[in-house]
Amino acid sequence: MKTAVLDANIFFHIWILDALLTVADDGLFEPLWSDEIMAEIRRNLPKAWRHAQQPKLTRSWAQ
């Protein structure tokens, strides 16, 4: 199976992310991301989306 790294910028465009994860769910590729990519998302998501709050993101993703 092919793999693809999903960079942080993909996670800010939900329609693109949804399409990529749907295709991955169908088994066409395996999505990958690193801890550094997830840290970048946690850092920048509150700036891009006012409803995202850093403490909530940290708690939710730590589980």
Side-chain angles (χ1 to χ4, degrees):
M1 178 180 296
K2 294 186 180 201
T3 60
V5 174
L6 302 184
D7 198 14
N9 63 330
I10 296 298
F11 288 81
F12 293 96
H13 303 284
I14 193 65
W15 54 90
I16 297 171
L17 179 62
D18 182 55
L20 288 172
L21 293 179
T22 298
V23 171
D25 196 39
D26 289 340
L28 297 177
F29 74 96
E30 179 182 1
L32 302 173
W33 50 81
S34 66
D35 291 338
E36 291 83 12
I37 290 172
M38 294 309 290
E40 183 179 346
I41 295 165
R42 281 192 296 272
R43 247 187 347 267
N44 292 310
L45 188 58
K47 298 173 196 169
W49 187 43
R50 64 183 174 95
H51 297 291
Q53 298 173 356
Q54 188 65 37
K56 288 183 181 178
L57 290 174
T58 302
R59 277 194 314 269
S60 297
W61 292 357
Q63 298 171 354

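Heads up: numbering here begins at 1 and tracks the sequence.
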For this session: For a side chain to side chain contact (heavy atoms under 4.5 Å, CB included) with Ile16, tell me which candidate from Asn9, Leu21, Ile10 qualifies.
Result: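 The side chain to side chain contact (heavy atoms under 4.5 Å, CB included) with Ile16 is passed solely by Ile10 among Asn9, Leu21, Ile10.
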Distance-minimising heavy-atom pair for [X] and [Y]:
| X | Y | answer |
| --- | --- | --- |
| Trp33 | Leu6 | CB-O, 3.8 Å |
| Ile37 | Ala8 | CG2-N, 3.6 Å |
| Gly27 | Met1 | O-CE, 3.5 Å |

Problem set entry | Thr3 vs Phe29 side-chain heavy atoms within contact, under 4.5 Å |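 Of all side-chain heavy-atom pairs linking Phe29 with Thr3, none is under 4.5 Å.
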Exercise. Step by step, would you call Glu36 with Glu40 a side chain to side chain contact (heavy atoms under 4.5 Å, CB included)?
Worked result: CA-CA 6 Å; Glu36 291 83 12; Glu40 183 179 346; over 6 Å; no
Exercise. Asp18 side chain to Ile14 main-chain N or O, any donor-acceptor pair under 3.5 Å?
Worked result: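 No: the side chain of Asp18 does not pair with the backbone of Ile14.
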For this session: Could you walk me through whether Phe12 and Leu17 pass side chain to side chain contact (heavy atoms under 4.5 Å, CB included), step by step?
Result: CA-CA 8 Å; Phe12 293 96; Leu17 179 62; over 6 Å; no
